[in-house]
Amino acid sequence: MTSTPLTSRPAWQALQNHVAAARERHLRELFAADPRRGERLALDVDGLYFDYAKNRVTDETIRLLVQLADECDLRGRIAAMFGGERINTTENRAVLHVVLRAPREATILVDGVNVVPQVHAVLDKMTAFAERVRGGAWKGHTGRAIRNIVNIGIGGSDLGPVMAFEALRHYTNRSLTFRFVSNVDGTDFVEATHDLAPAETLFIVSSKTFTTLETMTNAHSARNWLLRALSGDVKAVAKHFVAVSTNAAKVAEFGIDTENMFEFWDWVGGRYSMDSAIGLSTMLAIGPENFRELLAGFHAMDEHFRTAPFEKNMPALMALLGVWNTNFLGAETVAVLPYDQYLKRFPAYLQQLTMESNGKRVTLAGAEVDYATGQIYWGEPGTNGQHSFYQLIHQGTRLVACDFIAFAQTLNPLGPHHDLLMANVIAQAEALAFGKTADEVRAEGTPEWLVPHRVFPGNRPSNTILAERLTPSVLGKLIALYEHAVFAQGVIWNIDSFDQWGVELGKVLAQRIVPELTAKEAPVLGHDSSTNRLIERYRAAKGG
Ligand code: G6Q
């Protein structure tokens, strides 16, 4: 595949010429020059409001960024994704998470087969199962109803379910207890289950491959934990374990009845799978109807992304602003700052979605890139972050782009809390953009020696995403917004956003080291001197 290198594209070069002037202009000037900027540089998609006016862009910047998207054939790449082409070239796979939320009557072909009916068959099976568990009809081995649900999975089979459970906790069935076990550190399993009654506990083993070390280790520990309590009767496994996987053979080998397996497909990437059967825990928690509302939200954003012109396309614009901030203004990180306690795991979820997707250093054709890719995503809910790391964002030497996320209506009205929360998110974006000049600081009577310490340079870019209320549908739109922004950035950077070869090496090396830690006799070690010493020290200190 030959294509013009990104940095040789006319729009890229024009942006490079354009950035010098842009660097000189402060957001204060941009707002002063255009009193309607805040109204103009904003979009509303189905109630999700995206204010990007506090980015260091002019109309010309946006025009050039859109031109860049056109030159990189973003339109064609979107069509290729939605059309089921194998755009994940290094794994030779289609990338079709959009099918997971397509309406029943849609047609989307993979290798000539319409896959929408398969998706809806699994959704129907999940619905029937969720209704039985939620209604108490599904009984455990001793005849007691299920009261506890433990999802065992890691990475894409964990972060989405955990995030969605927390985000939609308001809508959950409070008579069920949900836990999530991911880490191979036994503490995770032990703490998640220590207060649960095995006879009332259902495990969902969520693993696309059903071979992942952490998940299978936890699943076996769960099996032992259950059987120890239920007098070792292996028939109990069928009542207390279900699986979400693409690998029926491995599921059966574990002892789970494949009748109780919920399927998904290799065209769903792990980090794009929370709305597949991997979302079974989510459906059990919020109920099938809310789950379908979540899917409808995803779908609304999918359709917007697929059809809207780029200058009015929320995921495309978000992606292009990210490219501008990273490649032209030098912002290496994005702080995701949800002003909603329910979204406390959203930054962790986005870390995987964004960094596992776009943390790549070679192009689709395998050539090393000569530009930055993959922004670093991190964050915490506001207002908590304000009392910790915001200092660096306001007054440090680095440029940090921020995504503020807020909701006009709280799900938990409590006196003055929500107005205070909202005042803070609006104020933070304002403070970051406009700052406070030395003259303003002096005018407050600040002694001269203290003035530099109290100056806020401002000119810090941010997006603000505002929705009326955190509903399942709004969450779906929000996640799809980031999913598509990640893809659009990957298209600009000409990388494969859907593989993850970078997680392989550590896994392989760990497998090699396991026997060196467990062998009775001291093994002959052939690593470097640091690794050898760490292994020896561990063996000497581990006891038992
Ligand atoms: C996600 C990654 C990765 C994956 C986990 C779990 O895109 O591929 O995070 O989800 O390694 O894999 P399994 O679901 O196969 O256990």
Side-chain angles (χ1 to χ4, degrees), residues 81 87-98 100 122 150-164 180-185 188-189 203-223 241-254 256 261-282 345 347-360 374 377 479-480 482-487 489-490 495-511:
M81 178 171 79
I87 62 167
N88 175 0
T89 50
T90 71
E91 294 182 321
N92 191 28
R93 285 181 182 162
V95 176
L96 275 175
H97 41 279
V98 293
L100 301 171
V122 173
V150 182
N151 186 75
I152 298 179
I154 196 164
S157 301
D158 169 69
L159 288 160
V162 176
M163 181 276 287
F180 298 85
V181 175
S182 55
N183 202 335
V184 76
D185 181 346
D188 204 9
F189 180 82
F203 290 97
I204 305 174
V205 184
S206 296
S207 177
K208 183 172 168 179
T209 54
F210 232 70
T211 57
T212 305
L213 171 93
E214 291 88 339
T215 301
M216 296 330 294
T217 307
N218 277 315
H220 280 103
S221 296
R223 201 170 183 275
F241 280 83
V242 298
V244 178
S245 189
T246 57
N247 191 342
K250 289 276 174 200
V251 168
E253 198 180 301
F254 182 85
I256 297 176
M261 167 178 152
F262 299 84
E263 193 193 358
F264 65 118
W265 305 271
D266 74 354
W267 37 263
V268 180
R271 55 193 174 275
Y272 296 86
S273 68
M274 60 157 290
D275 48 341
S276 70
I278 289 290
L280 184 61
S281 61
T282 314
R345 296 288 290 171
Y349 170 78
L350 280 189
Q351 276 178 14
Q352 184 191 24
L353 181 68
T354 59
M355 297 199 276
E356 199 166 40
S357 296
N358 285 342
K360 310 287 162 67
Y377 276 74
I479 298 167
Y482 279 96
E483 283 180 347
H484 295 319
V486 164
F487 167 57
Q489 280 186 338
I495 55 179
D496 188 335
S497 299
F498 301 106
D499 62 10
Q500 55 283 314
W501 299 104
V503 301
E504 294 300 321
L505 178 61
K507 281 195 205 171
V508 173
L509 293 186
Q511 290 294 4

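Counting starts at 1 for both ligands and their atoms, following the listed order. Hydrogens, waters and symmetry mates play no part in the numbers below; they use all other heavy atoms, side chains included.
Side-chain atoms of K360 do not come within 3.5 Å of backbone N or O of G490 as any donor-acceptor pair. For K250 (side chain) and T211 (main-chain N/O), no donor-acceptor pair under 3.5 Å exists by modelled atom type. With hydrogens and angles disregarded, no donor-acceptor distance shorter than 3.5 Å links the side chain of N151 to the backbone of D158.
Atom CZ of R223 has more than 12 heavy atoms from other residues, nucleotides or ligands within 6.0 Å.
Of all protein heavy atoms, the one closest to atom 9 (O) of ligand 1 is Q352 NE2, 2.7 Å. If you check which protein heavy atom lies closest to atom 10 (O) of ligand 1, you get G156 N, 2.9 Å. Among protein heavy atoms, atom 5 (C) of ligand 1 sits closest to I154 O, 3.5 Å. Looking only at heavy atoms of the protein, atom 2 (C) of ligand 1 is closest to E356 OE1, 3.4 Å. In terms of protein heavy atoms, atom 15 (O) of ligand 1 is closest to T209 OG1, 2.6 Å.
Under the ring pair (Phe, Tyr, Trp, His ring centres under 6.0 Å) criterion, F254 pairs with H220, F241, sequence neighbours left out.
Per-residue contacts place G270 under 4.0 angstrom from the following atoms of ligand 1 (heavy atoms of the residue considered): 1 (C), 7 (O), 10 (O). Counting atoms of ligand 1 from 1 in the listed order, those under 4.0 Å from a heavy atom of S207 are 13 (P), 14 (O), 15 (O), 16 (O).
Distances from atom 12 (O) of ligand 1 to the protein include at least one heavy-atom value under 4.0 Å.
Residue S206 has no N or O atom closer than 3.5 Å to an N or O atom of ligand 1. Taking only nitrogen or oxygen atoms, main chain and side chain alike, T212 reaches within less than 3.5 Å of ligand 1.
Between F487 and F498, the angle of the ring planes lies from 30° to 60°, which puts this pair in the tilted group.
Residue pairs meeting the side-chain hydrogen bond (donor to acceptor under 3.5 Å, both in side chains) criterion with at least one member in residues 266-280, sequence neighbours excluded: R101-D275, R271-E356, R271-S357, R271-Q500, Y272-S357.
Residue contacts with ligand 1: E214 is excluded, as none of its non-hydrogen atoms falls under 4.0 Å.
In this structure, the separation between OG1 on T212 and CD1 on I154 is 8.0 Å, given to the nearest 0.5 Å.
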